[in-house]
Amino acid sequence: MRYSFIPKGTCTRKIEFDINDNIITNVKFFGGCPGNLRALERVIEGKTVEEIENLFKGIRCADKPTSCSDQLAIAVREAFEEINKRSK
């Protein structure tokens, strides 16, 4: 399932990814720091929601209360919860 998320408090305008059986693939960031975000896309390919949360949840960017990676952790959890609600 393709999922789209609008981050809050970051330079990234949108994050899209596929989520299937708790596995995240095909991540794409729109806006933000291109080099860092392309690297992040590669690092998280094939990881679970829990792995992404453990790696990135709570990371801040400078004096901001969040970051692109923190917003990704929020996005994958939100997608996972939404899928679980639909399957019940």
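Note that the numbering runs from 1 along the sequence shown for the chain. Just so it is clear, the model here is predicted, and its values are computed rather than measured.
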*Other residues, nucleotides, ligands: >12 heavy atoms within 6.0 Å of Arg13 CZ*: no
*Does Lys47 reach the side chain of Ile24, with side-chain heavy atoms less than 4.5 Å apart?*
no
*salt bridge (charged side-chain N to carboxylate O under 4.0 Å, His left out) between Glu81 and Lys85, intermediate numbers included*: CA-CA 6 Å; Glu81 297 297 329; Lys85 281 182 190 176; over 6 Å; no
*Give, for atom CE of Met1 and atom CZ of Phe80, the distance between the pair rounded to the nearest 0.5 Å.*
12.5 Å
*Evaluate whether atom CZ of Arg2 has more than 12 neighbouring non-hydrogen atoms of other residues, nucleotides or ligands under 6.0 angstrom away.*
yes
*State whether the side chain of Ser67 and the backbone N or O of Ile59 hold a donor-acceptor pair below 3.5 Å, judged by distance alone.*
yes
_Inter-residue atom distance Tyr3.OH - Ile19.CD1, 0.5 Å rounding_ = 9.0 Å
*asked:* As a quick check of understanding, evaluate side-chain contact (heavy atoms from CB on, under 4.5 Å) for Gln71 and Cys61, giving each step before the final call.
replied: CA-CA 11 Å; Gln71 289 292 297; Cys61 184; over 6 Å; no
*Could you grab the distance from atom CG of Asn26 to atom CD of Glu45, nearest 0.5 Å is fine?*
5.5 Å
*Asp70 and Thr10, any side-chain heavy atoms less than 4.5 Å apart*: no
*Show your reasoning for whether side-chain contact (heavy atoms from CB on, under 4.5 Å) applies to Phe17 and Ile44.*
CA-CA 11 Å; Phe17 53 90; Ile44 62 175; over 6 Å; no
*CG-CD1 distance between Leu40 and Ile52, expressed to the nearest 0.5 angstrom*: 8.5 Å
*asked:* Assess the residue pair Ile23 and Thr48 against the criterion (side-chain contact (heavy atoms from CB on, under 4.5 Å)); give the C-alpha distance rounded to whole Å, side-chain angles, the decisive distance to 0.1 Å, and a yes or no.
replied: CA-CA 5 Å; Ile23 304 295; Thr48 66; 3.7 Å; yes
*Verify side-chain contact (heavy atoms from CB on, under 4.5 Å) between Arg77 and Glu50, making sure each step is shown before the conclusion.*
CA-CA 8 Å; Arg77 173 54 61 186; Glu50 292 80 12; 3.7 Å; yes
*asked:* Can you tell me how far apart CD1 (Ile6) and CD (Glu16) are? Round to the nearest 0.5 Å.
replied: 8.5 Å
*Drop me the distance from Lys28's NZ to Thr12's OG1, to the nearest 0.5 angstrom.*
10.5 Å
